Each structure stands twice: as C-alpha cells, then as structure tokens.
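Note that these values count all heavy atoms, side chains included, but never hydrogens, waters or copies made by symmetry. Values in this document were obtained by computation on a predicted structure and should not be read as measured data.
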Amino acid sequence: MASSFLNGLTKEDRVKLERTLWENQGGVCFISQKKIDLEIDKVDIDHIIPSRDKGKDEPSNFALTLEHFNRSKQASDLRVARVMARFEEIREQSDSDDRGVNLNDVLKSYGGAKAPLAAKIEENTLTYVNNDQDKISLTLHTDKLSGMKYFFTVAPITAVFHDDKTNPRPIGSNIRGLVEEFHKGRPQLHVSLGWIKSTDLPEMRINLFDGQHKAAAQILLGAKELPVRVFVDPNLDVLLTTNFNAGTTLRQVAFDKSVQRRLGSHMLRDRIERFRNEKGLAPDYYEFSEKDVIEYFKGEQKSVKRYILDNVRDAITYSEQNKLRDYIEIAGKGTEKPFSYSAIEKTIYSKFISSLVLETPWNYKEDVGENPRSIEITQISRLMSIIADTIYVGK
C-alpha cells in the first residue's frame, strides 16, 4: 500500500527507520519471524493495519518484513499474514498423510491433542477437571431428533483430538477467510462438534469431527480453548453417515472429491464390520463377496456399491506404487500441480476401474496375488506411474 509518510523520507531517514523497527521487532521479520540481517537481506516497510482499514500512515503502524514474505503475503493485514505464514510452515511440516495438513497438525503445533481430562458421569451430569484444576459440572441433554446425549463446553485444546476417520478433510489456504473473520471479531454461526466415550472415563478425550476449519482458525489466532458441542457415546456410524451426506448429497460443506472417496472408503469398512457382526462372523472372515454385502443392506444398495468404488479409488490414489500422485492436487483447487483430482477421476478412474460387482469371495486368491480388486489397484497404479515417469519425473 502506498505511503505518503515513507515516500517523504530521505534515504538516511528510511535506513534509520528500518533499524528502529528491526530493534523493536527483536531482529526478526514481522510476518515470518525469521531473522533479518540488515546488511544483506532485502526488506520492506509496510503498514501493519492497511490504510483501507483505517490504519495510520505513521511509524506506530509500520513493520519491517523480509521482502519475499511481504510480496507473497496472503493477506493485506500483516497480523493475518503472520498467522498464514505460520500455517504454511505447519503445512510444510505436516506428517498426517499425503492429503495435506489437517486439524491434528494445527493442534499439535499449538500444544493441543496432548492429554485427556479427568472426568466422570453421574446421572445427567458430567464433571471434569480443567487445566486450572477447577471442577466443571455440566448438564447432559438429550437431542430430540437423534436421541443422543450431549453437553456444551469450552474445552482446552490440550484435550481436543481430531477424528480423522469421520472427517478426513484437509485444511486448505482458504482458511484465511475464517482467520480474517475471527481476527476482526466477527463470530461464526456454529461451534465445533465432538464426541467422547463414557467407557474411556475417567480419561476424557474430545474427538472433533465437525467444524475443524473454524477450530483451526481460532487456534492459529492463539485460542487455547474451543467451544464444542460434545456427544456422549454416539453411534459413530450415524456420525460418519451424517458427515458423508453433508459433503455429498446435501452439499452442506465443500468436500473435495478426494475427501468424499476417503469417507466412502471408511463407510465401506463400517458396512463390512456391521455385516460380520450382524451375521455372527469372525472379525477376520472374508468368505463373502461384494454382491453379498450390497444385497444385505436393503435400501442402501446403490450407496454401498459407491462405497466399494470409492475404496478402490482411494487405494489407487494413495498407493506407494502410484508416482503420479505427487503431481495431483489432492485437496482443494490449487494450481501448483499439473493435475486436479477431478481430472484423474474423469479420465483414468472412469475408464479403468470396473464398476461391475464381484461375486467372488472378498479374499479370493489374495494369498497368491490374483485377487481381482488387488490386481486392478496395482495395475492402474502402475499405469499412472508410467505416465509420471514418461512426462514428469526428472523432467
């Protein structure tokens, strides 16, 4: 942003101002917090609060930044830019999986997901001890629609964990919008949703399964506690189905295709587990076919078939044999990589994954490497690797 104050400085006065800002900031860049060497680093002076947001054009509203970080900043307000620079750092260090940074990474970076709280339930009251050793007693309510019990609380992030199974959605750079909203003091519409198991008590871990972007935005801005609606002993299948439908048929949230496939894969595992349990089969029993599972779930046959195909797509996408995955934008609508996930689905997956329902046992010839689905996953993964080797790897 143009500055009349800076434009009116002599070269000597500007150098003096850079030195003053450098000393006030402890010798580090305001955005990246990386050290600045005034002798060799290229630096910028910029408004902390933009002029358009009524930031003053005077030294009290100036900050010294490394030129690179200021020119590539993701927000005009330097305070928000600093938060987003920290998020990018977390993304680079993310160890969750190939889908990208998620709430788990953000929590761990800020001291969260570390220790459960001591808690107990007596009749319709849950009591827990917070980090200040205060006893918090909360009424357990019953949701009139689902019949599930729940309570509201403001939970310390140390006891909050990310439920990656129910919500495998990664966090993209579009979180900046939420960071800006919260930074300006604008509250959002709903709190995050989590769940606990009473059988785990007295250790209470709050597993967040919805609202992870809002939770992450608050944590990035320094929040040490999160408002959460917590379900007690919920039917996890219902939560998984609810989240899947919210991002697919209802389109309440913008689930990327890759996230939908991961959720579908989880849904398939859940249906297989239910199939075994309801038929009294052993946990390692696989002498049933895809057709058997589909026909068993009356009224869900179309959905279960989709879960099976989602499972195949997900397995190919994250196969170690698939070198092309390094060149696919798995999450979001980024432009850093040559392929979008949707492009891969519309070309390779739609052409080569069989939509026929198998009638052979699930583990048919798995021990000799001749299982139809396993062969399909392996061959398509190799095909994608050939494309990568031919066009991208080392090029």
Side-chain angles (χ1 to χ4, degrees), residues 29 31-32 34 40-42 44 65-75 81 84-102 104-106 109 164 168-176 247 254-265 309-355 369-395:
C29 168
I31 295 175
S32 69
K34 295 183 182 296
I40 59 176
D41 286 328
K42 292 182 179 180
D44 275 345
T65 71
L66 288 165
E67 182 182 274
H68 165 71
F69 285 96
N70 195 44
R71 303 294 168 86
S72 62
K73 66 188 177 186
Q74 299 184 46
M84 293 307 299
R86 175 62 181 134
F87 175 71
E88 289 302 320
E89 186 178 306
I90 295 171
R91 176 149 60 181
E92 290 173 4
Q93 298 171 353
S94 169
D95 60 1
S96 292
D97 60 29
D98 292 330
R99 283 171 292 137
V101 62
N102 63 24
N104 177 63
D105 300 298
V106 176
S109 297
D164 183 65
R169 189 182 180 193
I171 299 174
S173 298
N174 57 355
I175 194 176
R176 178 175 62 84
F255 275 3
D256 298 314
K257 287 283 188 182
S258 63
V259 176
Q260 293 179 23
R261 303 316 176 211
R262 178 57 60 97
L263 279 170
S265 180
L309 297 180
D310 283 348
N311 187 59
V312 175
R313 295 185 188 104
D314 193 64
I316 296 169
T317 301
Y318 297 103
S319 169
E320 292 184 357
Q321 299 180 58
N322 180 7
K323 295 181 184 180
L324 192 62
R325 67 178 183 175
D326 293 333
Y327 302 92
I328 303 171
E329 289 286 358
I330 299 296
K333 298 180 180 179
T335 57
E336 296 178 3
K337 299 181 180 180
F339 286 110
S340 68
Y341 180 84
S342 293
I344 295 298
E345 281 216 341
K346 292 175 181 177
T347 54
I348 298 174
Y349 292 173
S350 66
K351 302 297 183 185
F352 295 104
I353 294 177
S354 173
S355 60
E370 295 179 12
N371 179 271
R373 286 297 186 195
S374 295
I375 291 175
E376 182 177 51
I377 291 168
T378 298
Q379 290 185 340
I380 296 175
S381 297
R382 287 177 179 170
L383 171 63
M384 293 173 74
S385 286
I386 290 171
I387 295 172
D389 282 332
T390 304
I391 303 174
Y392 296 109
V393 179
K395 304 297 190 294

Check against side-chain contact (heavy atoms from CB on, under 4.5 Å), Leu66 and Ile31:
CA-CA 8 Å; Leu66 288 165; Ile31 295 175; over 6 Å; no
Audit row: Tyr392, Asp326, side-chain contact (heavy atoms from CB on, under 4.5 Å) steps and yes/no:
CA-CA 10 Å; Tyr392 296 109; Asp326 293 333; over 6 Å; no
Begin with the C-alpha distance, continue with both residues' side-chain angles, and end with the deciding distance and a verdict on side-chain contact (heavy atoms from CB on, under 4.5 Å) for Met84 and Ile175.
CA-CA 9 Å; Met84 293 307 299; Ile175 194 176; 4.0 Å; yes
Take Val101 and Phe87 through the side-chain contact (heavy atoms from CB on, under 4.5 Å) test and state the conclusion after the steps.
CA-CA 9 Å; Val101 62; Phe87 175 71; 3.6 Å; yes
For Arg262 and Asp314: C-alpha separation, side-chain torsions, deciding distance, then whether salt bridge (Lys or Arg N to Asp or Glu O under 4.0 Å) applies.
CA-CA 6 Å; Arg262 178 57 60 97; Asp314 193 64; 2.9 Å; yes
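Shown here for Ile90 and Val106, the closest heavy-atom pair between the two residues is CG2-N, 4.3 Å. Between Asp310 and Gln260 the shortest heavy-atom distance is OD2-O, 3.8 Å. In plain terms, the two heavy atoms of Val259 and Pro168 that are nearest each other are CG1-CG, 4.0 Å. When all heavy atoms are compared, the tightest approach of Ser354 to Leu309 is O-CD2, 3.4 Å. Heavy-atom minimum distance, Ile375 versus Gly369: CG1-O, 3.8 Å. The two residues Asn102 and Ile171 come nearest to each other via the heavy atoms C-CD1, 3.7 Å.
The OG atom of Ser72 lies 10.0 Å from the CD atom of Glu67; values are rounded to the nearest 0.5 Å. To the nearest 0.5 Å, atom OG1 of residue Thr347 and atom CZ of residue Phe352 are 8.5 Å apart. Rounding to the nearest 0.5 Å places NZ of Lys323 at 10.0 Å from OG1 of Thr390. Distance check, rounded to the nearest 0.5 Å: CG of Asn104 to OG of Ser109 gives 9.0 Å. Between the CD1 atom in Ile344 and the CE atom in Met384 there is a gap of 4.5 Å [rounded to 0.5 Å]. Distance CG/Leu324 to CD1/Ile386: 11.5 Å, rounded to 0.5 Å.
No cation-pi contact links Arg313 to Tyr341, judged by a cut-off of 6.0 Å to the six-membered ring centre and 45° from its axis.
In this structure a side-chain-to-backbone donor-acceptor pair under 3.5 Å is missing from Ser319 to Ala315. Although no hydrogens or angles enter the test, the distance criterion places no donor-acceptor pair under 3.5 Å between the side chain of Gln321 and the main chain of Arg382. Between the side chain of Ser265 and the backbone N or O of Arg261, no donor-acceptor pair lies under 3.5 Å. Formation of a donor-acceptor pair under 3.5 Å by the Asn322 side chain with backbone atoms of Ile316 is found in this model. Side-chain N or O atoms of Lys395 include one that pairs as donor or acceptor with a backbone N or O of Asp389 at under 3.5 Å. Under a 3.5 Å cut-off, the side chain of Glu345 and the backbone N or O of Lys257 do not form any donor-acceptor pair.
Tyr327 has its side chain within reach of Val393: a pair of non-hydrogen atoms, C-beta onward, lies under 4.5 Å apart.
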